[in-house]
Amino acid sequence: MRITGVATTLLRVPLRQRTITDSQSSVDAVEFLQVQLETDAGITGYGMNWSYTPGLRAAQVLVDENYAPLLRGQDPLLRKELVRRMFFSNHFVGRVGAARVGIAAVEFALWDLACKSVGLPLWKYLGPCRETVKAYSTDGGWLSWSEADLVRDALRLVARGFDAVKIKLGRPDPREDCARVAAVRKALGPKVRIMTDVNCAWNLATARAWGAKLADLDVFWLEEPMLPEDVKGHAELARSIPVPIAVGETIYTKYAFRDYIESGAARIVQADATKLLGIDEWLEVAALASAYNLPVVPHTNVQQKLHVQLAAATPAVMMVESCYESINDIWEEPVHVRDGHYTLPQEPGVGLQLTGAVLAEFRVG
Ligand code: MG
């Protein structure tokens, strides 16, 4: 099998729900870069990457101008070598960020071809360890909501079958954060897991002071309390508060995960294949976490179908985030959450193919 064509499409898909907010972002649409690889075997591989804000144009240019010439004529099963070549072709302009995001989009398409060439969905290709995947909901808990809306929505999610929900923190006064978590805890009772997510808004002093108070509310984890580059700060925080710290959605390399894990700075590993160099590096991070007996809970917003498949083949995964259900139908054969668990896709491949209708309606430029 040889790659005969590389095509990219940039899309901006509006969320069909209220604008959502965390301490860093206000989101009403998601940008996608879709990568399509044609082969002489008649199989097409699809990959994608995503962003909240415009910026994937940069990744698109890198795929079109740097990576496509490296890919044409090559055997897609030589994936790890092709990723290495793409990485070093422009590592002076982006060892992380746009370059990596573009490589990951291609890497998923290469995996898609490998899975389709043997007629298996990704999770069966990798070797399954389970047939359903536990979900937790991040499709609520937004920072701009009133406390009453927060409580009402958390009750709705629990009524739907979720037993774990996440709440965004990072309001200007952390006392409000704690009061909101307390209100949700009171409404849900002691059995539902409540996770909290600061999206990097705190410094060490704030995280120490308020992280300790979250422990009294039986918070299951504190996510991204500080900037991801500050491994030392996270390690200090982990030594001073009992709430487990979760990080990963803005960590781009296995080496950064190694530093977090070895220094005791993270107890929940939220590796995201769309931020790493793709599935191969995600599997390496999951293996690293497994060797330290740490649970992996992949970060996910639009890429559930990918991470649900990785979870079904990775014993270290505890559960997978459920978010942006309002645009779940942008995918060919989307996965669904029923009774708090994800269904698994049965069609061959990685499953990152957007529908033709979405490609036609939301194409940018
Ligand atoms: Mg998060």
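As a basis for the values below, the full set of heavy atoms in this structure was taken, side chains included, without hydrogen atoms, waters or symmetry mates. Numbering of ligands and ligand atoms starts at 1, following listing order.
Checking E223 against the Mg ion (ligand 1), an N/O/S atom falls under the 2.8 Å cut-off. Because the distance cut-off is set at 2.8 Å, E249 qualifies as a neighbour of the Mg ion (ligand 1) through one of its N, O or S atoms.
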Query raised in the report: Can you check ring-ring contact (aromatic ring centres under 6.0 Å, His included) on F108 and W282, steps first, answer last?
Result: CA-CA 12 Å; F108 301 140; W282 187 94; over 10 Å; no

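Atom CG of L217 sits about 11.5 Å away from atom CG of D177, to the nearest 0.5 Å.
One finds no salt bridge joining K168 and E223 here, because no Lys/Arg side-chain nitrogen approaches an Asp/Glu carboxylate oxygen to under 4.0 Å.
The aromatic rings of H91 and F88 sit perpendicular to each other, their planes meeting at more than 60°, with 30° as the lower class boundary.
The N, O or S atom of D197 with the smallest distance to the Mg ion (ligand 1) is OD2.
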